[in-house]
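Notes follow once the structure below has been shown.
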Amino acid sequence: MAHPNHWTSNGGRPIGGRTIVFDLDGVIADASHRQHFLAAERFSDKDWDGFFNACVDDPVIEPGHRLVGSISDDFCVVILTARIHETREKTVAWLSANDVRHDWLILRGHRQGGPSTEWKREQLELLQEAGADIELALDDDPRNIVMLRDSGLAAMYVHSGYYDDRDDGVEFR
Ligand SMILES: [Mg+2]
């Protein structure tokens, strides 16, 4: 199946088969130094450009980096991130510079605002339609963990602390 053109291959492995999906920020990339760009309460007041452009300076999160690097070649590794497509070049360079194991990178479309959860749900469905058997997905946003589990997928929560001060009323076990 043809894949959406905002999906970026790393190495030419086809989509499909046993698949593990990793979020990027807060799981593999340490975005804590740029969270201050999002301090404004109102969504439209947040400095999204500043937030995304600073991604080049992210350190790796060592446990996440080692974990993704330990995934066997039996699995297709997909990095599914709500970073906007404008960061594609920076993100690809960062993944390469830090030798992050992955087969596909999925970035959000151009200037799509709003919470990432619905968008991620759609991408996961597209992955499944393309033949991906998603055995596990890891994310640091509690809303995405709820969405994953509601979708019948095995989800692993990674605590980044980025969402600790948000009162979304989201709880999960
Ligand atoms: Mg994240």
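These values consider heavy atoms only, across backbone and side chains, with no hydrogens, waters or symmetry-generated copies. When a ligand or atom number is given, it counts from 1 through the structure's own listing order.
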Sort by chain and number the protein N/O/S atoms found under 2.8 Å from the Mg ion (ligand 1). Asp23 OD2, Asp25 O, Asp140 OD1
Of the options Asp23, Asp141, Asp150, which is the one that meets Lys120 in a salt bridge (charged side-chain N to carboxylate O under 4.0 Å, His left out)? Asp23
Might you point out which heavy atoms bring Arg108 and Ala82 nearest each other, and give the distance in Å? NE-O, 3.0 Å
Which atom of Trp94 lies closest to which atom of Ile28, heavy atoms considered: CH2-O, 3.8 Å
Under 3.5 Å donor-acceptor pairs involving side-chain atoms of residues 57-66, not counting sequence neighbours:
from: Asp58; atom 1: OD1; to: His33; atom 2: NE2; distance (Å): 2.6
from: Asp58; atom 1: OD1; to: Arg34; atom 2: NE; distance (Å): 2.8
from: Asp58; atom 1: OD2; to: Arg34; atom 2: NE; distance (Å): 3.3
from: Asp58; atom 1: OD2; to: Arg34; atom 2: NH2; distance (Å): 2.5
from: Asp58; atom 1: OD2; to: Arg83; atom 2: NH2; distance (Å): 3.3
from: His65; atom 1: NE2; to: Asn98; atom 2: O; distance (Å): 2.7

Here the gap from Thr91 atom OG1 to Glu86 atom CD, rounded to the nearest 0.5 Å, amounts to 11.0 Å
Answer yes if the ring centres of Trp48 and Phe43 are under 6.0 angstrom apart, and no otherwise. yes
